[in-house]
Structure formats: structure tokens, C-alpha cells
Amino acid sequence: MTDSGDRYYITTAIDYPNSRPHIGTAFEKIGADVQARFRRMEGASVHMLMGNDENTIKVPQRAREMGLEPRAYVDDMARQFQDVWRALEISFDDFIQTSEERHHVGCRKFIQAVYDAGDIYKGKYAGHYCTGCEAFKTEKEVAEGSGKCPNHPNTPLTWVEEDNYYFRLSAYRERLLAHYAAHPEFIQPESRRNEILSLVESELKDVAITRKGFAWGIKTPFDPEQTIYVWFDALLNYITGIGYGTDDERFARLWPADMHVIGKDITRFHCALWPAMLMSAGLPLPRMVFGHGFVYRKNEETGEVQKLSKSLGNVVEPMELVEKFSAEAFRYYFMSQCPFGGDGEFSFERFASVYNADLADKLGNNYSRTLTMWARYLEGRLAGEPVDATQWRKGIDFQALVTSVREQVGAFEYNVALQRIWREVIEPGQRFIDETKPFKLAKTDPEACRAVLVNLADWMRAAAILIKPFLPRTAESYYRAFNFDETTPWDRVRYADALTPLNQVGLHVTAPLSAGKPAPLFPKVEVRDAG
RNA sequence: GCCGGGGUAGCUCAGCUGGCUAGAGCGGCGGUCUCAUAAUCCGCAGGUCAGGCGUUCGAGUCGCCUCCCCGGUACCA
């Protein structure tokens, strides 16, 4: 799946710390995390990097508003972001803040390398300048503000020309096109690739990469009056975060990245500007860039689908859902309901409905059923001759199923993979109980009842393994409900282990039970109360 | 305008390089079990696959045209 052997370096986009993360940003992180967890299961040595993009003009502004030093402000925001990511079980290995020294050092080294390569020249940037923001406004912003700055409608914009440095992006057009052709998998999914292809084929303009007069940010080494501008600075986090300019050995070990997970809106920066920058600096390119879709908010009453925005007042904070439901439920909803490469929708009502149907009634309920019967009919412990533990999945080509689910998860087709797991693993387990009726067999044919229950143990083991990247906690509860861990330790389980025969020797329930029952994994909720 | 992506059952989505009577989940309706979180399981519900033309023995699945929705259009999360 990756040609970099057993190492897998995956990144997510770094976020502006102006406001706290919402469910859309969480969507990206979870999608990347599922991949990271999956690759770890497959035996890769995974490094997952996340971070915040702090060298923006809004940072000192916001800090001032809150009466803080910029540094204190970004540190506090970084802590808050990480709290959310941890609550969502995002298994990141490192978190970079672009205000950190390691980033500054690496940035300066990089821009100097590009400068030395002759790809940076001094030019004039001209645009609408807002004295209130002390910044240039884009044409789009000006249009939105009907000719004025959206933030300062009473301050007239002035047309200002400024000397600053340009990166010779246009010079890389041919090389970029050659790279896309030679590596068709470079841009994912397909739709994003087409978009970039036509963009680069049409025209590439040089980009200004420095600005004048900012105290906050990274100074340009060859001209201390200039500060490195947003994109040139931000993209570099992917290399400064693994030691570029500060730890050569580590950088050599981890670069190039196997996967940049980003939002579809910033595809061009990652698929055109970034590779060109790397080419100029003489560094290898990342193997893939995945531009995921967006999460929209569906208004329950009107049925209207809207963008998440502060002004519409429809922003949903991840912690709200985590507290009301659980991180597992949060992860499950977005991974199963929103195709990662496309757009998805969120509503509280639908969230609760999916939660009840797939998690409470299926995953959770069958856990309770199985364990209760084990306790009641076998006193939690298996004795006697081994039985055929694969009865529950007769009629399913389990080998083919595991193979295709692996491919789908590896290709970020999470919603499809989960649907298959539910339809061909989770639900057959429930149907098996219904068809064999172990609760009746217990009275008429204890041996047959025992065989059914052994099958259910195998079912739980297989389910645990397959859902592990998506629902790490639940998967672990499933796996540790029996002493499976003695045969294959939980942290070393691979997808292929779902196919290995169940070890029935000494098999027994290890889940905590009270009065012969486990605590519900996903307590059912009222759909109406969801919001 | 230009470029790109879409339009498949009430809702959310699958349908790979064209081929059995177009699928799943949810919702809805009827029935069932009792191990379980009043959960499960079974059956039913019939959508001109946006519309038209064409290629083909055969098209959601390819080509062209029309309508509608969305995104991008560059230094913007």
C-alpha cells in the first residue's frame, strides 16, 4: 500500500488558532487518525503530525483583544486544540506550533535554499490595503465588503504597492505536470486531481511570499524587513515538524511524507505550490495528498443545508457531542455517514438516529446479549471439546471481505468499509443468535448452545479487529470481553488476525459483569432530545 | 463567463473497466422471538437511475445536448 516500507508519515492541515475547532476540522483529523491507526495495525511505524498555524496577522490582534502576549495566546489555544483532539482519541505523535523555534529555524533554512536556487526575486505587490487591519485584502474580500474592508467598513481602502519577494512558481509548471503524469496517485481523490491538472495546465503565476512590516512571524533571512507570508511558512510545518533544519537524522528518516490530509479548499497550495517549493529546495515530494470534503449543517426544521459558520450560528463544537454521546459515537457518525472524499451532512437528529441504530441497538446490544448468555449458560467459562467457531459467518466469504475492507480503509473509503462491516459482520452476528436461539438450546441441547456461544465469542473477536481503527475504545471492550489478548495481544492485532481460528483453550469471559450483565456500551438516547 | 464535481427509493448513501428481474441503511407499514439497552429478527414498501438524443446485441455505468445544484476562479480555513 505504501512504497516506503514500514514507515508511514501522515499529516493533517495546521489550523488557525483564531477560534476553537468545530466538527468540520474534527472530521479531517478523525479521517487521518483512522488511517494512522489502520497503518499501525498493518505493521507500519506511523508518525502522525498535527499542529496550529500561528504566524498570521490575526494572532497579535486577537491576543491584544484578550490582553495577552501573542505567545501566551497561541500556547493557550494550542493546548485547547490538543485537548479536543485527545478527547476524540486522535493518536497524533507530535503537534507543531509554527511559532516554535524549530519551525522558525527550518523555515529560514528553507527559504534561504530556495533563494540560493535562484527562485526568489524581488517584485512589487499591489493591492487593496486596509490600514485598520494593516494588511492587504483579496479581491474577494473587497467584493464581499462592497469595496470596503469587511472588518473596517468605515475605513477606506487604499491601493498600495509594496516591494516584496516572489517565488518563481511559474517556472515549475512543466515539472509539476510531469510529476502528476508519473504519479497519478499523487492527488486524491480523482476529482481533486482533475481540478489541479486543469489549473496547472492553464496558468501558474508567481506568488508573493513575504510581507513588510510585521513584528509577529518569521523574518526573511536575506531581508530582515520582510516577514515570510502565510502559505510559504505554513506548508513548511510538514518538514520542520520532523526535524528539517534542526535534526537532520530524524528528517532523513521520516521525509517524504506518505500522506498529507487536507481540506479540498487548499488543494492547490498542497498540490502545486508545495511540490514546487520542495523541488526548488531539492527535497523529495510527498507521496500523496488527500483533499477531503466538507461537513455541512442540515437544519432540521427547514431541511436546508448550510455551511458551518459563526455568523449563521450553526457551529457545533466537538466537545458538545463528545459529552452528550461519546468520542466513539462522534467518530462513527462522521466516518460512516460522510464519504471522506466528498461532502457530508450533520444534524443532531440524524446523529442520534445513527447512534441508536448502529451503535446502541447493534454493537452495544449484541455485546450485552452475548455476555449475558455466556454468564448464564456457561458461567463465563468454556469447557469440553472445541467446536466449529466459524458457523456464524457461513455463507460469507470472510477472506474476501477482510481483503476488500482493508483496501477500502487504506483508500480512505471509510463509509463504504463501515457499511460492509456492519452488513457482513455485525448484523450476521445478531442474525445468528436469532436463527440458532441459544436461549432455547440451553434448555433442550446444552452442547449445541455451547457451540453457538463459542461462535459468538469468535464473532466478537472478528468485529473487534475490524472496527479497531474507527472505534478504538469499543473495539478494545469487545476484545477484552474475553481472554483473546492471551493469544494475540490487543496492541499487536492486525486485520488478518480476524481470519485466524479462535483459540478455544481456556476461553472465558473477562468483561466486568454485575449481576451477570455488562454495563451498556452505548446507552440508548431519545432522538428528540439530541439537540 | 471559464474550469471542475454532482443530480440513483421520503432521507443518507453503494453501484469497479457497460450485461442476471437497479441495491443497502434509516424512516414507514405488518408480523415474530425473549438472551438483550421495549433491543432483535422476518416480510412489505416498487425509484421514468434529472430530461432528451445517440453508440451498442445490451447503458445509472460510454458520447453529445438541455435543465438544476455545488465548489473553484488564485495569494482565502
Side-chain angles (χ1 to χ4, degrees), chain A residues 13-16 18-19 21-22 24-25 28 53 56 125 127 136-141 144 166-167 169 189-199 201-209 211 229-232 234 262-269 272-273 293-294 296 298 303 305 307-308 336-339 341-345 347 349-350 353-354 356-362 364-377 413 415-416 418-420 422-423 427 430-435 437-442 449 452-453 456 516-525 527:
Chain A
I14 53 176
D15 299 302
Y16 285 154
N18 306 329
S19 55
H22 62 236
T25 52
E28 169 180 302
D53 184 3
T56 70
Y125 181 86
F136 285 99
K137 300 279 118 181
T138 64
E139 292 296 338
K140 196 174 177 181
E141 286 172 310
E144 274 171 17
Y166 275 77
F167 172 60
L169 178 59
E190 193 77 16
S191 50
R192 297 280 90 76
R193 177 181 147 79
N194 295 337
E195 211 170 294
I196 296 302
L197 232 55
S198 65
L199 169 82
E201 272 165 5
S202 63
E203 194 190 6
L204 270 187
K205 288 181 193 162
D206 291 349
V207 290
I209 56 167
R211 286 292 138 88
Y229 187 62
V230 208
W231 279 107
F232 208 86
I262 57 160
K264 62 180 184 180
D265 54 331
I266 53 176
T267 313
R268 64 178 48 200
F269 301 107
L273 176 59
F294 287 152
Y296 292 94
K298 184 160 189 171
V305 177
K307 227 167 189 168
L308 290 166
S336 69
Q337 304 300 305
C338 310
D343 296 335
E345 288 168 18
S347 76
E349 205 173 291
R350 194 169 148 202
S353 155
V354 168
N356 279 340
D358 289 355
L359 298 179
D361 296 348
K362 291 196 169 93
N365 189 35
N366 229 33
Y367 171 88
S368 298
R369 304 173 81 182
T370 300
L371 293 179
T372 307
M373 289 192 282
W374 262 80
R376 191 187 291 193
Y377 306 134
E413 293 168 5
N415 61 328
V416 181
L418 282 170
Q419 199 179 0
R420 279 207 81 174
W422 252 251
R423 260 184 49 205
E427 288 162 19
Q430 297 177 280
R431 231 173 289 131
F432 185 71
I433 296 180
D434 203 71
E435 283 162 8
K437 301 184 177 25
F439 39 87
K440 277 193 173 167
L441 293 175
C449 172
V452 168
L453 295 185
L456 289 176
K517 290 187 174 200
L521 244 34
F522 297 98
K524 202 150 179 173
V525 301
V527 173

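The sequence lines fix the lettering, A, B, ..., with proteins before strands; numbering per chain opens at 1. Predicted model, so just to flag it, every value in this text is computed and none were measured.
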Need one value for Gly364(A): base, sugar-phosphate or nothing, where a base atom within 4.0 Å counts as base even if backbone is also close, heavy atoms only. base
Pairs: protein N or O with nucleotides 12-14 of chain B N or O, under 3.5 Å:
{"from": "U12(B)", "atom 1": "OP1", "to": "Lys298(A)", "atom 2": "NZ", "distance (Å)": "3.2"}
{"from": "U12(B)", "atom 1": "O2'", "to": "Arg350(A)", "atom 2": "NH2", "distance (Å)": "2.4"}

Looking at Glu427(A), is its backbone amide N or carbonyl O close enough to the side chain of Trp422(A) to form a donor-acceptor pair, meaning the two atoms are under 3.5 Å apart? no
If we only count heavy atoms from C-beta on, is the Glu28(A) to Thr25(A) side-chain gap below 4.5 Å? no
Pairwise C1' distance for G52(B) and G7(B), with rounding to whole Å: 16 Å
Do Arg369(A) and Ile433(A) come within less than 4.5 Å of each other through their side chains, counting heavy atoms only? yes
Provide the distance between the two P atoms, one in C13(B) and one in U8(B), to the nearest whole Å. 10 Å
Is the shortest side-chain heavy-atom distance between Lys517(A) and Leu371(A) below 4.5 Å? no
Interatomic distance at C1', G47(B) relative to G51(B), whole Å: 16 Å
G-U wobble or Watson-Crick pairing nucleotide for G4(B) (cut-off 3.5 Å, both distances): C70(B)
Under a 4.5 Å cut-off applied to non-hydrogen side-chain atoms, are Leu456(A) and Phe432(A) in contact? yes
How long is the line joining CG of Leu199(A) and P of C2(B), in whole Å? 18 Å
Tyr296(A) side-chain proximity, nearest of G71(B), C75(B), A24(B): G71(B)
Heavy-atom side-chain contact between Gln337(A) and Val354(A) under 4.5 Å: yes
In whole Å, what separates the C1' atom of U17(B) from that of U21(B)? 24 Å
Please report, rounded to the nearest Å, how far the P atom of A36(B) is from the CG atom of Leu521(A). 16 Å
Taking atom P of A74(B) as reference, at what distance in whole Å does atom CG of Leu273(A) sit? 16 Å
Between Gly364(A) and Leu521(A) the two heavy atoms that sit nearest each other are CA-CB, 4.0 Å
For atom C1', what is the distance between C65(B) and U73(B), given to the nearest Å? 25 Å
Examine G23(B): is either OP1 or OP2 under 4.0 Å from a nitrogen or oxygen in the side chain of Arg423(A)? Give yes or no. no
In terms of base orientation, is G60(B) syn or anti, with the syn window spanning 90° either side of 0? syn
G18(B) and C49(B): how far apart are their C1' atoms, nearest whole angstrom? 15 Å
Which part of the nucleic acid, if any, lies within reach of Arg192(A) when heavy atoms closer than 4.0 Å are counted: base, sugar-phosphate only, or nothing? nothing
Rounded to whole angstrom, note down the P distance from U55(B) over to C64(B). 15 Å
Considering every strand and a 4.0 Å limit on heavy-atom distances, what is the contact class for Ser368(A): base, sugar-phosphate, or nothing? base
Roughly, in whole Å, what's the span from CG in Asn356(A) to P in U37(B)? 15 Å
May I ask you to test the Val207(A)-Leu273(A) pair for a side-chain heavy-atom distance under 4.5 Å? yes
Could you check Tyr377(A) against Phe439(A) for side-chain contact (heavy atoms from CB on, under 4.5 Å), going step by step and ending with a plain yes or no? CA-CA 8 Å; Tyr377(A) 306 134; Phe439(A) 39 87; 3.4 Å; yes
Measure CD1/Ile209(A) against P/C75(B) and give the value in whole Å, please. 16 Å
Tell me if a side-chain donor or acceptor on Asp53(A) pairs with a main-chain N or O of Tyr16(A) at a distance below 3.5 Å. no
By nearest-heavy-atom nucleotide on RNA chain B, the more 5' of Tyr16(A) and Lys517(A) is Lys517(A)
Contact list (N/O, under 3.5 angstrom) for nucleotides 38-40 of chain B vs protein:
{"from": "A39(B)", "atom 1": "OP1", "to": "Lys524(A)", "atom 2": "NZ", "distance (Å)": "3.4"}
{"from": "A39(B)", "atom 1": "O5'", "to": "Lys524(A)", "atom 2": "NZ", "distance (Å)": "2.7"}
{"from": "A39(B)", "atom 1": "O2'", "to": "Asp361(A)", "atom 2": "O", "distance (Å)": "3.3"}
{"from": "A39(B)", "atom 1": "O2'", "to": "Asn365(A)", "atom 2": "ND2", "distance (Å)": "2.4"}
{"from": "U40(B)", "atom 1": "O2'", "to": "Arg369(A)", "atom 2": "NH1", "distance (Å)": "3.1"}

Under-4.0 Å side-chain N/O to phosphate OP1/OP2 contact, Lys205(A) with C75(B): no
For a quick check of understanding: with a heavy-atom distance under 4.0 Å over all strands, which category does Phe522(A) fall into, base, sugar-phosphate or nothing? base
Do Asp343(A) and Lys264(A) come close enough that some side-chain heavy atom pair is under 4.5 Å? yes
Tell me which of Glu435(A) and Phe269(A) sits closer to the 5' end of RNA chain B, going by the nucleotide each one is nearest to. Glu435(A)
Do Thr372(A) and Pro518(A) come close enough that some side-chain heavy atom pair is under 4.5 Å? yes
Between P on C75(B) and CG on Asp265(A), what's the gap in Å once rounded to a whole number? 14 Å
Considering Watson-Crick and G-U wobble pairs with both distances under 3.5 Å, what does U40(B) pair with? none
In Watson-Crick or G-U wobble terms, both distances under 3.5 Å, what is the partner of C11(B)? G25(B)
Separation of atom CH2 in Trp231(A) from atom C1' in A74(B), rounded to whole Å: 12 Å
For G19(B), the Watson-Crick or wobble counterpart (both distances under 3.5 Å): C57(B)
Spacing of the C1' atoms in C44(B) and A50(B) (rounded, Å): 28 Å
When the distance from OH of Tyr166(A) to C1' of A74(B) is rounded to whole Å, what number comes out? 12 Å
